[in-house]
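Input: a single structure, listed below in structure tokens.
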Amino acid sequence: MTCFFQSTGKIAMRGLSKVLMAGAAVLALAACGSSEVASPGEGDFGNGGGNGGGNGGGGTPAPGTPAADCPTGFANVGTIANNTLRVCQLPQQVLGNLTVPLRAGTIYAISGRTEVGNDRGADPAAPVAGSQQGVLTVEAGVRLFGSSGSDYLLVNRGSQIFAEGTSTNPIIFTSRANVEGSTTENSQGQWGGVVIAGRAPTAVCPVGVTAPNAACVGQIEGTSANYGGNTPSDNSGRLRYVQIRYSGFEISANNELQALTLAGVGSGTVVEYIQAYNSSDDGIEIFGGNVNLKYLVLNGADDDGLDTDSGWRGGAQFGIVTQRPTAVTNGSRGFEWSAAPGGTAYFAQPKVSNFTVVGRNAAVSSDALITLNSGTQPSILNSVFTNPSSSAAACLDIDDAQTVTNAPVFRSVYFACSRPYEDDSNVNAAATQAIFTAAGNTGNTPNGSATLTAPSGATLTAQSLAFINGANENAVTAINPSTVYSAFQNVTYIGAVQNAADTWYLGWTCGFAAGST
């Protein structure tokens with residue numbers, strides 16, 4: 001799968017593959033990077049697949065031509081990609097049930113703040129008077145795009161999204177520029193992103209109130225939407241096999257949209273097989289909540305790969321994080337984890353297992369791969385962190401005394417950085433070392449040498465894709481992560497993938513197939 005395409009002015013039909021549906025052969029919009037030969041310049045958005053999908057299908061258009069119209073509930077706003085795709089725009093507010101169907105010759109537009117439901121409040125037993133639920137279902141293989149930073153999808157508290165692709169036919173959220181073929185390896189920040197708000201607990205509380213409490217409610221970065229409540233198992237739907245490309249937008253200083261924002265999202269929500277590619281802010285940012293995540297690919301974020309705030313108490317297992325190759329002005333880490341402004345008794349408890357985090361090629365001394373601050377009580381298990389040998393960045397920076405008091409857990413963690421510990425002005429390198437090597441933190445390697453390799457046949461770019469364990473990483477004995485967090489599955493290896501035959505990241509992502517960029 002290819003994430004971007006050189007713009008040469010040629011018209012291309014890259015990424016078309018044939019599928020059989022209902023006994024008839026129709027052209028489907030395939031995942032990018034298929035074996036079809038194409039001229040560069042357009043991108044993987046030739047023809048949408050499917051037979052019509054919903055009312056107003058107008059029959060199956062010939063290959064290379066747009067659908068004649070749009071399904072009921074969507075606005076027909078013209079065509080795109082040299083008149084090869086019909087653009088069907090989502091309504092500004094989804095109330096009730098709306099399905100985004102897979103249709104030949106069709107792509108879907110997100111224009112402005114596109115909301116699913118109204119904010120129904122923190123208490124599911126007493127929803128806000130007059131509010132309505134929305135349920136948005138996105139079929140496998142559907143492509144959606146935004147045109148500017150103000151275009152984003154927001155799922156409000158009490159509503160749900162069911163965006164479930166497949167391992168061979170993912171759902172793609174991307175930018176108009178990508179659809180039109182003008183993105184490059186360095187493109188970012190071309191539209192807003194995907195935001196989900198839920199009713200699970202957050203550390204953001206009024207004065208005198210202690211979390212967890214339904215009165216503890218925050219406002220999501222980049223929006224005026226509220227999140228939080230006291231329903232740890234809140235269910236905002238399912239996201240599976242989803243790409244989010246070229247997103248993120250700075251509304252104002254320290255107020256940004258990321259690729260995927262999960263705010264107060266509960267453990268009843270399924271989030272797995274997610275790729276965030278070239279976000280201008282974070283790959284995924286989590287504000288409070290109890291949501292668990294699995295199988296994450298976070299490439300090229302301009303800020304952090306996985307950023308957590310406001311008391312997230314969930315877990316993430318199996319993740320590949322590769323940072324942008326060059327320095328940024330606002331700091332960039334693989335993980336940046338905090339609780340709430342000023343700290344709180346409701347500590348963040350982020351838990352990860354089986355991640356491989358690869359830092360930038362640029363030497364930036366202040367951007368450690370892991371930064372822990374503001375009352376975080378983390379558990380990091382069975383994971384590999386490495387920077388290129390030319391980088392001055394450390395692997396670990398503990399940034400406040402409260403986090404030290406919380407006794408972070410590190411077990412079977414492998415560091416291969418020019419410096420294992422940041423000599424932070426709040427917590428110096430010696431104190432950070434004492435945490436990493438404490439009696440309960442076993443099996444750790446602070447001064448390792450990376451022997452990671454790239455997937456067989458992959459084409460390396462400036463954003464390193466070397467994440468398969470070599471001999472040094474394989475020599476580390478893994479722990480059973482389920483003994484630390486019950487939502488984790490048992491493994492016998494450290495890092496994101498067990499070996500070259502473990503290819504959970506292939507098929508639904510872009511940039512990993514042999515020969516792709």
Side-chain angles (χ1 to χ4, degrees), residues 122 155 157 160-161 194-204 211-213 216-218 220-221 227-240 242 258-274 276 282-298 304-319 321 334-340 344 346-355 357 370 372 374-383 403 406 408-411 481-491 496:
V155 181
R157 289 187 295 183
Q160 295 179 308
I161 181 172
V194 178
V195 181
I196 302 178
R199 291 163 160 162
T202 172
V204 181
N213 192 298
C216 298
V217 173
I220 303 171
E221 271 191 10
Y227 71 94
N230 194 17
T231 308
S233 61
D234 194 44
N235 184 350
S236 295
R238 294 188 294 272
L239 292 180
R240 304 183 74 246
V242 172
Q258 2 313 304
L260 177 61
T261 302
L262 302 172
V265 176
S267 61
T269 309
V270 174
V271 181
E272 58 186 25
Y273 298 100
I274 306 296
D282 304 317
I284 296 177
E285 185 161 11
I286 306 176
F287 295 87
N290 301 74
V291 64
N292 296 312
L293 307 91
K294 294 178 69 173
Y295 302 111
L296 307 178
V297 177
L298 310 177
D304 310 312
L306 179 62
D307 190 351
T308 74
D309 299 275
S310 308
W312 176 49
R313 292 192 168 189
Q317 188 174 22
F318 308 114
V321 180
F335 296 159
E336 184 177 10
W337 295 350
S338 56
T344 174
Y346 188 78
F347 301 130
Q349 294 178 335
K351 297 166 281 289
V352 300
S353 182
N354 297 96
F355 270 67
V357 179
I370 308 168
L372 307 175
S374 302
T376 299
Q377 193 172 42
S379 298
I380 300 178
L381 318 169
N382 295 337
S383 294
T403 295
N406 286 337
V409 173
F410 297 93
R411 295 180 187 168
S482 67
T483 62
V484 176
Y485 187 51
S486 61
F488 289 154
Q489 68 185 62
N490 189 19
V491 294

Throw together a table of side-chain donor-acceptor distances under 3.5 angstrom for residues 194-202, partners on residues two or more places apart or in other chains.
from	atom 1	to	atom 2	distance (Å)
Arg199	NE	Gly121	O	2.7
Arg199	NH2	Arg120	O	3.4
Thr202	OG1	Val204	N	3.3
Thr202	OG1	Ser310	O	3.3

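For the atom pair CG (Asp309) and CD1 (Ile220), the distance works out to 12.0 Å, reported to the nearest 0.5 Å. Here Asn290 contributes atom CG and Thr231 contributes atom OG1; the two are 10.0 Å apart, rounded to the nearest 0.5 Å. Note: Leu306 CG to Ile370 CD1 = 11.0 Å, rounded to the nearest 0.5 Å.
Between Leu372 and Pro378 the shortest heavy-atom distance is CD1-CG, 3.7 Å. Counting all heavy atoms, side chain and backbone alike, Asn230 lies closest to Pro212 at OD1-CB, 3.4 Å. The nearest pair of heavy atoms linking Ala496 to Gly319 is CB-O, 3.3 Å. Residues Gly228 and Ala122 approach most closely at O-CB, 3.6 Å, considering heavy atoms.
Checked by atom type and distance alone, the side chain of Ser338 pairs as donor or acceptor with a backbone atom of Thr308 at under 3.5 Å. With hydrogens and angles ignored, the 3.5 Å screen pairs no side-chain donor or acceptor of Asp234 with any backbone N or O of Val265. In this structure a side-chain-to-backbone donor-acceptor pair under 3.5 Å is missing from Arg313 to Lys351. In this structure, Gln160 contributes its side chain and Asn235 its backbone to a donor-acceptor pair below 3.5 Å. Side chain of Trp312 to main chain of Val291: a donor-acceptor pair is present (N/O by atom type, distance under 3.5 Å, no hydrogens or angles).
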- Query: Going through the checks in order, is the side chain to side chain contact (heavy atoms under 4.5 Å, CB included) test met by Tyr227 and Thr261?
  - Reply: CA-CA 11 Å; Tyr227 71 94; Thr261 302; over 6 Å; no

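Between Leu296 and Ile284, some side-chain heavy-atom pair lies under the 4.5 Å cut-off. Between Asp304 and Leu298 the shortest side-chain heavy-atom distance does not fall below 4.5 Å. Between Pro481 and Asn490, some side-chain heavy-atom pair lies under the 4.5 Å cut-off. Contact of the Asn406 side chain with the Thr376 side chain is not registered, since no non-hydrogen atoms from C-beta on lie closer than 4.5 Å. The shortest side-chain heavy-atom distance between Asp282 and Glu221 does not fall under the 4.5 Å cut-off.
Taking Thr403 as the reference, Asp400 meet the side chain to side chain donor-acceptor pair (under 3.5 Å) condition, with sequence neighbours excluded. Partners of Phe488 under the ring pair (Phe, Tyr, Trp, His ring centres under 6.0 Å) rule, at least two apart in sequence or in another chain, are Tyr485. For Ser383, the side chain to side chain contact (heavy atoms under 4.5 Å, CB included) partners two or more places apart in sequence, or in a different chain, are Phe355, Ile380, Phe385. Scanning for side chain to side chain contact (heavy atoms under 4.5 Å, CB included) contacts around Lys294 gives Glu272, Phe318, Gln489, with sequence neighbours left out. Arg411 is linked by a side chain to side chain donor-acceptor pair (under 3.5 Å) to nothing, counting only residues two or more places apart in sequence or in another chain.
The side-chain contact (heavy atoms from CB on, under 4.5 Å) test with Leu260 singles out one residue from Val242, Ile286, Leu239, and that residue is Leu239.
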